[in-house]
Amino acid sequence: MTPEEFKQWRAALGFKSREAAANALGVSSETIRLYEMGHRRDDPSRAVEIPKHIALACSAIEVGLEPYGQPVPPEYDTPLSLYQIWFLTSLRRGKSFTFNRGDLNPDRLVELQLIEITNGVYRILPAGNEFLDYLERITK
């Protein structure tokens with residue numbers, strides 16, 4: 001994950017402050033500042049890399065996953081496959097998704113009540129799980 005991608009992630013999820021993003025990721029706001037700058041203020045030649053576990057946490061937050069061991073709201077307790085997580089993340093990044101049988105637009109999926117978007121987070125609605133299973137079959 002690049003600093004630019006991190007900034008886009010924060011904006012897309014509606015974290016208006018570094019503190020909000022820091023709380024969601026369990027890091028300090030100074031860490032968020034470093035991730036977004038991509039280098040240290042005191043030594044611009046020292047690059048700051050965004051660790052893989054932070055990039056994974058960003059993806060998890062993006063698709064509405066709760067931290068491991070946390071209770072999941074009953075309407076979202078259907079387990080997601082990695083494919084489904086990838087699908088939701090792709091929706092966020094590309095705004096549309098191409099399958100063998102055409103393009104899907106997130107707005108259309110919301111209209112069909114297959115996903116919902118709350119505070120910039122895509123969530124599969126219960127009926128949407130069957131739809132994603134269908135998409136998985138036709139794209140293999």
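Heavy-atom basis, side chains included; hydrogens, waters and symmetry copies ignored. Remember, predicted model here, so these are calculated numbers, not experimental data.
- Considering only residues two or more places apart in sequence or on other chains, Glu36 meets the salt bridge (charged side-chain N to carboxylate O under 4.0 Å, His left out) condition with Arg10, Arg18.
- The two residues Leu25 and Ala57 come nearest to each other via the heavy atoms CD2-CB, 3.7 Å.
- Contact record, Glu49 with Tyr35: O-CE2, 4.1 Å, taken as the closest heavy-atom pair.
- The local environment of CD in Glu5 is crowded, with over 12 non-hydrogen atoms from other residues, nucleotides or ligands closer than 6.0 Å.
- Contact annotation: the side chain of Phe15 never approaches that of Asn23 to less than 4.5 Å [non-hydrogen atoms, C-beta and beyond].
- Residue Thr2 holds its OG1 atom at 7.0 Å from CD of Gln8, rounded to the nearest 0.5 Å.
- Atom-to-atom distance recorded for Trp9:CH2 and Ile50:CD1 is 10.0 Å, nearest 0.5 angstrom.
- For the pair Ala22 and Ser29, the tightest heavy-atom approach, listed with the atom from each and the gap, is CB-N, 3.6 Å.
- Here the straight-line distance linking atom CD1 of Ile32 with atom CD1 of Ile54 works out to 7.0 Å at 0.5 Å rounding.
- In this structure, Met1 CE and Lys7 NZ are separated by 12.0 Å, a value rounded to the nearest 0.5 Å.
- In plain terms, the two heavy atoms of Gly38 and Pro3 that are nearest each other are CA-CG, 3.5 Å.
- Between Met37 and Arg40, the closest heavy-atom pair is CE-C, 4.3 Å.
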